Amino acid sequence: MTETSERAAIALAAQAATVTRFAPSPSGNLHLGNARTALFSFLLARRLGGRFILRIEDTDARRSSEEFCRNQQEDLAWLGLNWDAGPGREDARGPYRQSQRVARYAEHFATLERARLVYDCYCTALELEVSRKSQLAAGKPPRYAGTCRHLDPQQRAARRAAGLPATLRFRVPLGERVAFVDFVHGAQSFLSDDIGDFVVRRADGSAAFFFSNAVDDAAMGVTHVLRGEDHLTNSPRQILILQALQLPVPAFGHVALLVGPDGTPLSKRHGATTVREYREQGFTARALCNLLFRLGHSSPDNALLDLATMARAFEPAHLGRAPAHFDAAQLRTWQKESVKQMTAEQVGEWLRAQLPDGLPATTRTAFIEAVRPNIVLPEDVGQWREIVFGDPPVMGAAEQAVIDEAGRDFFAAAARAAGAGPGDFRAIAAATGTATGRKGKALFQPLRVALTGLTHGPELAPLLRAMPEGSAQARLARFA
RNA sequence: GCUCCCUUCGUCUAGAGGCCUAGGACAUGGCCCUCUCAAGGCCAGUACACGGGUUCGAAUCCCGUAGGGAGCGCCA
């Protein structure tokens with residue numbers, strides 16, 4: 001069997017009861033990279049007719065905050081990635097916050113202790129640091145040296161009696177091979193000897209990531225873990241934990257990281273990196289999802305897709321194994337497309353903060369439809385709002401030259417035409433053309449400049465329908 | 001350092017030994033349409049990281065090399 005068909009087989013095998021999850025830690029706002037893994041996990045569940053769950057990994061109380069937790073859920077919901085179970089949608093397999101699952105972890109720790117698969121470690125942070133440094137200096141992998149693994153019962157008892165703080169370490173078996181099939185990368189195999197004994201419970205009693213993450217996936221019935229490639233070499237540890245606890249091991253799939261234009265992992269210095277930032281700029285969830293969907297995944301066509309269509313097209317075996325560059329230009333393209341496809345109501349809602357208060361409905365509609373083709377973000381409306389509803393525009397030199405070239409008689413005729421049929425640009429242009437003998441660019445450019453102050457912009461007819469009564473005539477008359 | 005992962009136009013990608021003179025999209029340039037901008041239409045340039053194999057035939061399989069990335073934490 002080839003590697004790829006193997007992958008496809010894995011993906012389809014568990015089709016019956018697929019459960020995928022997204023498990024963020026609330027230590028920041030939703031990052032684009034995380035949003036993408038969330039999207040992929042969501043699509044995988046939908047594609048296989050399964051369930052998508054959300055679990056909050058807030059075991060590190062110091063870094064976690066309620067605000068980030070709330071923001072992440074808002075952003076996820078905004079993207080349309082609705083979870084079937086998770087915070088706010090509790091079920092029998094919850095709670096879906098790790099901070100509320102400590103009792104469950106305690107049971108598992110007890111099981112491991114009974115089986116002597118873990119041991120207390122009394123090494124201090126300083127000792128571990130020194131050990132790591134010296135191993136690195138000696139050209140060796142910086143793994144836990146095993147100091148406390150080899151403590152005899154008396155030594156152990158002495159330390160415990162002394163009340164020394166202790167972590168709980170997993171006793172990694174020697175000389176074993178941990179193998180699994182990654183549904184993105186294919187067959188993987190690691191030597192257990194390359195893995196140092198790792199901490200499963202911190203000195204303060206809280207569960208460490210490797211542990212709580214793996215154990216919760218099992219408890220929540222997760223069948224497919226789709227996550228970032230940074231977890232690939234950590235998977236063997238989690239498999240070891242699950243096997244030790246005799247819990248089911250999910251299928252793992254690791255997607256390559258999202259990187260910036262320079263090829264380094266996406267970070268603050270690349271500009272906006274969180275969903276929230278893009279959302280606040282006015283990018284649509286549609287646009288963001290369409291970009292994210294194509295980063296590390298191919299699309300069946302070049303159209304703007306909705307989540308249901310993406311789900312049907314989602315193919316885990318084809319997930320990217322090479323890092324994908326986040327390209328702002330591509331996001332803009334999807335944004336333009338999504339603006340084009342919005343309904344009138346949606347555009348109105350999207351631009352609400354940018355529109356003047358108390359605009360009559362017809363004016364509002366006319367204005368929105370006039371500027372829509374020229375708008376990528378809501379802030380782009382500002383310029384046209386001023387031009388249409390503000391004071392008569394001030395000309396630049398080039399614009400003034402167009403006015404001068406047309407001459408006073410031209411604008412006198414135009415102003416007369418505007419007085420006859422206010423708001424009807426076609427009629428104004430036709431009448432002015434007839435009166436002056438001008439047509440084409442010679443006719444339209446001076447009109448455009450007099451009306452908007454610019455040589456370029458949206459179509460004049462709809463723009464004029466939005467202008468206040470008498471405004472067009474006044475603007476034209478200025479140059480008569 | 002060790003282990004693991006990755007490498008197709010500038011970018012996102014198609015590609016499962018012959019359908020590849022390598023396809024599409026974005027971006028770029030040109031033309032058309034058009035009062036202008038946007039949109040739309042047409043056209044152009046640009047890629048299989050490198051070197052060896054295997055094969056009648058390699059972007060595709062194997063081995064090296066180079067470059068990039070991740071992990072090796074009482075972070076997740």
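Per chain, numbering begins at 1; letters A, B, ... match sequence-line order. Note that this is a predicted model, so its numbers are computed, not measured.
- Aromatic rings of Phe211(A) and Phe109(A) (six-membered ring for Trp) have centroids within the 6.0 Å cut-off, being under it.
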Practice item. Indicate for each nucleotide in nucleotides 71-76 of chain B, in 5' to 3' sequence, whether protein heavy atoms under 4.0 Å reach the base (B), only the sugar-phosphate (S), or nothing (-). Key: SBSBSB
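- For the pair Arg385(A) and Phe367(A), the minimum side-chain heavy-atom distance is below 4.5 Å.
- Residue His325(A) places at least one side-chain N or O closer than 4.0 Å to OP1 or OP2 of C12(B).
- Shown here, G17(B) forms no base pair; nothing in the strands shown gives a Watson-Crick or G-U wobble contact with both key distances under 3.5 Å.
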Point to revise | Reading 5' to 3' through nucleotides 35-50 of chain B, protein heavy-atom contacts under 4.0 Å coded B for base, S for sugar-phosphate only, - for none | key: BBBSSS----------
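- In this structure, Leu257(A) and Gln188(A) both approach RNA chain B, and ranking their closest nucleotides by distance from the 5' end singles out Gln188(A).
- A16(B) atom P lies 20 Å from atom NE2 of His185(A), rounded to whole Å.
- Using a 4.0 Å cut-off, no side-chain N or O of Thr264(A) falls inside it from OP1 or OP2 of G69(B).
- Salt-bridge check for Glu129(A) with Lys133(A): passed, with a basic side-chain N closer than 4.0 Å to an acidic carboxylate O.
- Following rounding to the nearest Å, Phe190(A) (CZ) and C2(B) (C1') show an atom-to-atom distance of 13 Å.
- Residue Leu377(A) holds its CG atom at 5.5 Å from CD of Gln335(A), rounded to the nearest 0.5 Å.
- Salt bridge status for Glu315(A) with Arg47(A): present, with a side-chain N to carboxylate O gap under 4.0 Å.
- Using a 4.0 Å cut-off between a side-chain N of Lys or Arg and a carboxylate O of Asp or Glu, Arg171(A) and Asp197(A) do not qualify as a salt bridge.
- Base pairing analysis places A25(B) opposite U11(B); the two distances defining the Watson-Crick or G-U wobble pair are each below 3.5 Å.
- Interatomic distance, CD of Gln341(A) versus CG of Leu304(A), reported as 4.5 Å (0.5 Å rounding).
- Under the Watson-Crick or G-U wobble criterion, with both distances below 3.5 Å, U3(B) is paired with A70(B).
- Within the 4.0 angstrom heavy-atom criterion, no nucleotide atom of any strand lies near Leu443(A).
- With hydrogens and angles left out, the side chain of His254(A) and the base of A70(B) share no donor-acceptor pair within 3.5 Å.
- Under the 4.0 Å criterion applied to side-chain N and carboxylate O atoms, Arg372(A) and Glu369(A) are assigned as salt-bridge partners.
- What separates CZ of Arg332(A) from P of A25(B) is a distance of 21 Å, to the nearest Å.
- When Watson-Crick and G-U wobble pairs are counted only if both distances are under 3.5 Å, G40(B) pairs with C32(B).
- Comparing C6(B), C5(B), C12(B) by their nearest atom to the side chain of Ala324(A) picks out C12(B).
- The residue Pro265(A) sits close only to the backbone: its heavy atoms come under 4.0 Å of sugar-phosphate atoms, none of a base.
- When Watson-Crick and G-U wobble pairs are counted only if both distances are under 3.5 Å, C75(B) pairs with no nucleotide at all.
- Seen from the ring of Tyr144(A), Arg169(A) counts as a face-on cation partner, given the 6.0 Å and 45° thresholds.
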